[in-house]
Protein chains: 2
Amino acid sequence: MVKITDVARRAGVSPSTVSYALSGKRPISDETRRRVQAAVRELGYRAHVRARGGTGAGARVLALSVPLRSGVHVPVVTQFAVSVVTAARAHGHDVLLLTRDEGEEGVGRVAEAGLADALVVMDVQLQDPRLPLLRSSPLPSVLIGVPAEPDGLTCVDLDFGAAGELCVEHLARLGHRTVALVGSPPEVYVRRTAFARRLVRGFTAAADRHRLSSAVHPCGADRGAARALAERLLREQPAPTGVVVHNEPLLDPLTDAFEQLGLRIPADLSLVAVCPAPVAASARVPLTSVTVPAAELGTRAVHLLVQKLSGAPVPQVTLLPPRLTERASTGPRPV
Amino acid sequence: MVKITDVARRAGVSPSTVSYALSGKRPISDETRRRVQAAVRELGYRAHVRARGGTGAGARVLALSVPLRSGVHVPVVTQFAVSVVTAARAHGHDVLLLTRDEGEEGVGRVAEAGLADALVVMDVQLQDPRLPLLRSSPLPSVLIGVPAEPDGLTCVDLDFGAAGELCVEHLARLGHRTVALVGSPPEVYVRRTAFARRLVRGFTAAADRHRLSSAVHPCGADRGAARALAERLLREQPAPTGVVVHNEPLLDPLTDAFEQLGLRIPADLSLVAVCPAPVAASARVPLTSVTVPAAELGTRAVHLLVQKLSGAPVPQVTLLPPRLTERASTGPRPV
DNA sequence: GAGGTTCGTCGAAGCGCTTCGACGGGTGAA
DNA sequence: TTCACCCGTCGAAGCGCTTCGACGAACCTC
């Protein structure tokens with residue numbers, strides 16, 4: 001293992017000069033800096049994390065808390081995680097993965113043991129058990145998702161309320177008078193997951209504003225549930241002609257179910273998805289959708305964290321505005 | 001932050017005694033140990049990782065290298081990753097996540113910077129660019145997957161060769177005479193991913209042994225590709241009556257395509273999947289499958305790594321025997 | 001009861017790095 | 001020319017922990 005003294009010897013300077021040349025925390029002449037950099041390159045030197053002294057520069061590791069709960073769509077979560085890792089690397093940080101039960105206990109462990117020097121928290125619930133820890137911890141953190149009480153925290157999310165409204169407005173503009181929202185599995189609402197609730201609120205508010213009749217149906221993610229729900233929706237009086245789906249794994253099965261019941265999409269029924277763009281575009285029927293910008297949210301979270309680490313002030317809540325992309329699944333209300 | 005001297009003061013002993021009482025590396029009287037443990041509990045002490053001296057106990061972090069390449073099925077990879085994290089936690093380790101490009105450069109960085117003290121490597125290719133680094137690195141590692149030259153490495157995997165044979169034997173026993181293997185997308189073979197190749201070899205060998213006519217078809221994972229492939233298979237002379245599918249995202253689309261072409265499963269066509277059990281069981285038609293035991297592989301890998309860390313010898317290659325589970329998608333050859 | 005063990009504990013050294021205080025040698029102002 | 005000052009560099013201290021060597025005290029053994 002090559003250490004700082006090796007580099008110093010090769011560059012003909014003292015170890016502290018090497019340290020300063022690399023960190024830039026004190027002025028170093030161009031000439032010396034060049035020699036140090038050359039030595040670093042030739043020797044393949046890399047500072048040993050666990051030796052960076054008590055104060056000052058951290059481990060350059062950030063922890064990512066992803067409680068992989070049931071009812072969350074794995075590919076979407078993974079997309080978040082990957083974008084966080086990529087963005088973190090771009091800032092010279094590595095990522096420590098905390099899952100499940102680690103969610104709560106892990107946050108404390110990571111903070112106290114100095115394993116990481118910042119924290120990204122995913123799948124935030126309205127009342128999240130991790131919040132007290134986050135507020136009291138000296139570790140800077142950013143949440144992807146907005147809890148009920150965001151005071152003292154930093155959060156990024158899609159504006160799910162506005163997303164719900166946008167879906168309804170799109171359908172209202174197409175003349176639909178009765179709309180339904182097919183949501184996440186019931187356990188997601190029971191957990192009071194933040195984004196799911198916000199979407200419902202936006203959806204309902206916009207429907208009321210436009211005087212549409214509306215209903216909300218949580219739904220499990222299997223084919224049987226899709227079929228049962230489709231039948232139930234068609235039995236309603238009046239039956240919805242515009243359906244918003246916020247449940248990624250259900251998209252294809254629900255499309256199938258409607259078609260098997262004899263409905264053509266979008267001639268007889270319009271479908272709007274709330275999901276990441278690739279999911280909507282590669283569905284069996286390309287779906288008009290409000291995009292959940294998973295990758296951008298991950299990147300944003302890391303940027304905010306880096307800001308905080310450098311001492312810069314950051315906004316408490318960052319909500320990205322929703323964007324609707326029309327594809328093949330929506331059309332005018334059937335006559 | 002509470003440090004070891006705080007604990008020592010409270011327990012009325014010296015810091016070194018606390019260290020020994022906690023690590024057990026020297027005999028400590030029961031009485032003293034109890035006092036130390038009490039002090040630790042009362043103060044909520046946790047050893048600061050980055051302070052553990054140069055030699056000796058590591059960071060208790062292991063790195064997980066997951067190059068999320070195209071053509072790999074995200075939920076499956078995630079299942080691996082989660083099982084690795086869970087198993088690692090059970091052994092008191094945390095997990096550092098390395099993705100993509102980090103795959104190669106990341107391995108070196110992690111080793112040299114002392115970020116992790118062991119390494120789990122996923123999605124191994126026959127000639128993997130990470131191998132030279134692994135062989136030369138002092139960092140112990142375990143691969144999930146077996147490369148062409150496993151000398152000097154430690155690998156765990158499902159015995160994909162035997163898995164391929166098992167599929168063919170099942171179909172042969174049911175009287176099928178013509179079989180096909182639908183594999184991963186072409187890029188997976190081009191990359192020479194280890195497990196994909198092994199499956200093909202086992203499949204072909206068993207087919208030859210049973211004097212079945214056989215063919216192998218790589219296939220992309222979208223609906224269009226599924227439809228095209230189904231049509232092509234049916235045009236062959238003779239057309240296969242038993243199809244092995246080793247491509248998770250293609251399972252449902254391919255089933256659909258066959259049924260749309262008028263084939264009933266399993267009356268007209270038998271389908272065997274090679275995939276994790278939950279995927280096979282929750283497919284549109286429950287599929288007879290050879291299980292890829294993702295969770296067990298992750299757990300095994302961590303166990304092996306812990307063994308290596310403790311200096312125990314470990315086998316070079318651990319292959320788990322495949323198991324076939326009959327579900328609704330296979331039956332006797334149509335007459 | 002003297003000498004040899006073993007047990008339990010302590011102090012000090014050291015890990016590789018960062019950072020603080022100091023210091024020599026230019027440079028600019030008076 | 002002298003003094004003050006700043007720039008660039010160095011040596012030493014210190015981070016929180018582990019580990020080595022040492023040392024009293026109790027326990028055997030002849």
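All heavy atoms count here, side chains included; hydrogens, waters and symmetry mates do not. Chain naming here is simple, since letters A, B, ... match the order of the sequence lines and numbering starts at 1 in each.
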Query raised in the report: If you check the B:H48 side chain, which of C:dT18, D:dC17, C:dC10 turns out closest?
Result: D:dC17

Requested in this report: Write down the distance between CG (A:D117) and P (D:dC15), rounded to a whole number of angstrom.
Outcome: 20 Å

Requested in this report: Round to the nearest Å and state the distance from A:M1 atom CE to C:dG16 atom P.
Outcome: 6 Å

Query raised in the report: Quick one: bend of the helix from C:dG1-D:dC30 to C:dA30-D:dT1 from 5 pairs per end, to 10°?
Result: 40°

Report summary line: Rounded to whole Å, CG of A:L22 lies from P of C:dT18 at a distance of 8 Å

Report task. Using only side-chain N and O atoms of B:Y20, determine if any of them is under 4.0 Å from OP1 or OP2 of C:dC7. Result -> no

Query - Residue pair B:S83 / B:T299, side-chain donor-acceptor N/O under 3.5 Å - result: no

Query raised in the report: Separation of B:R33 atom CZ from C:dC7 atom P, in whole Å?
Result: 14 Å

**Report entry** Residue A:I4, side-chain atoms from C-beta onward, closest of C:dC17, D:dT18, D:dG11
**Finding:** C:dC17

Query raised in the report: Of B:G12 and A:S23, whose closest DNA chain C nucleotide lies nearer the 5' terminus?
Result: B:G12

Query raised in the report: Quick one: do B:D30 and B:R33 make a salt bridge, cutoff under 4.0 Å?
Result: yes

Query raised in the report: Knowing that exactly one of B:L304, B:L134, B:L305 qualifies, which makes a side chain to side chain contact (heavy atoms under 4.5 Å, CB included) with B:T154?
Result: B:L304

Query - Between D:dC17 (P) and B:R60 (CZ): distance, integer Å - result: 16 Å

**Report entry** Short side-chain N/O contact to C:dT18 OP1/OP2 from A:K25, under 4.0 Å
**Finding:** no

Report task. Using a strict cut-off of less than 4.0 Å between a Lys/Arg side-chain nitrogen and an Asp/Glu carboxylate oxygen, indicate whether A:E187 and A:R191 qualify as a salt bridge. Result -> no

Query raised in the report: Can you check the B:R46 CZ to D:dT18 C1' distance for me, whole Å?
Result: 20 Å

Between N or O atoms, less than 3.5 Å apart, protein on one side and nucleotides 5-8 of chain D on the other: list the pairs.
none

**Report entry** Shortest non-hydrogen separation from A:A194 to A:V146 and the atoms involved
**Finding:** CB-O, 3.0 Å

Query raised in the report: Going by modelled atom types, is there a donor-acceptor pair between the base of C:dG11 and the side chain of B:S14 at under 3.5 Å?
Result: no

Query raised in the report: Are OP1 or OP2 of D:dC17 and a side-chain N or O of B:K3 less than 4.0 angstrom apart?
Result: no

**Report entry** Any B:T17 side-chain N or O less than 4.0 Å from OP1/OP2 of C:dT9
**Finding:** no

Query raised in the report: Counting side-chain heavy atoms from C-beta on, which of C:dC17, D:dG16, C:dG11 comes nearest to A:A47?
Result: C:dC17

Query raised in the report: Less than 4.0 Å between a side-chain N and a carboxylate O, is that true for B:R198 and B:D157?
Result: no

Report task. Indicate yes or no: does B:R69 engage B:D123 in a salt bridge with an N to O separation below 4.0 Å. Result -> yes

Requested in this report: Look at B:R109 together with A:D94 and state whether they make a salt bridge at an N to O cut-off of under 4.0 Å.
Outcome: yes

Query raised in the report: Between B:R300 and B:T318, is any side-chain donor less than 3.5 angstrom from a side-chain acceptor?
Result: no

Query raised in the report: Closest heavy-atom contact between A:Q79 and A:P276?
Result: OE1-CB, 3.9 Å

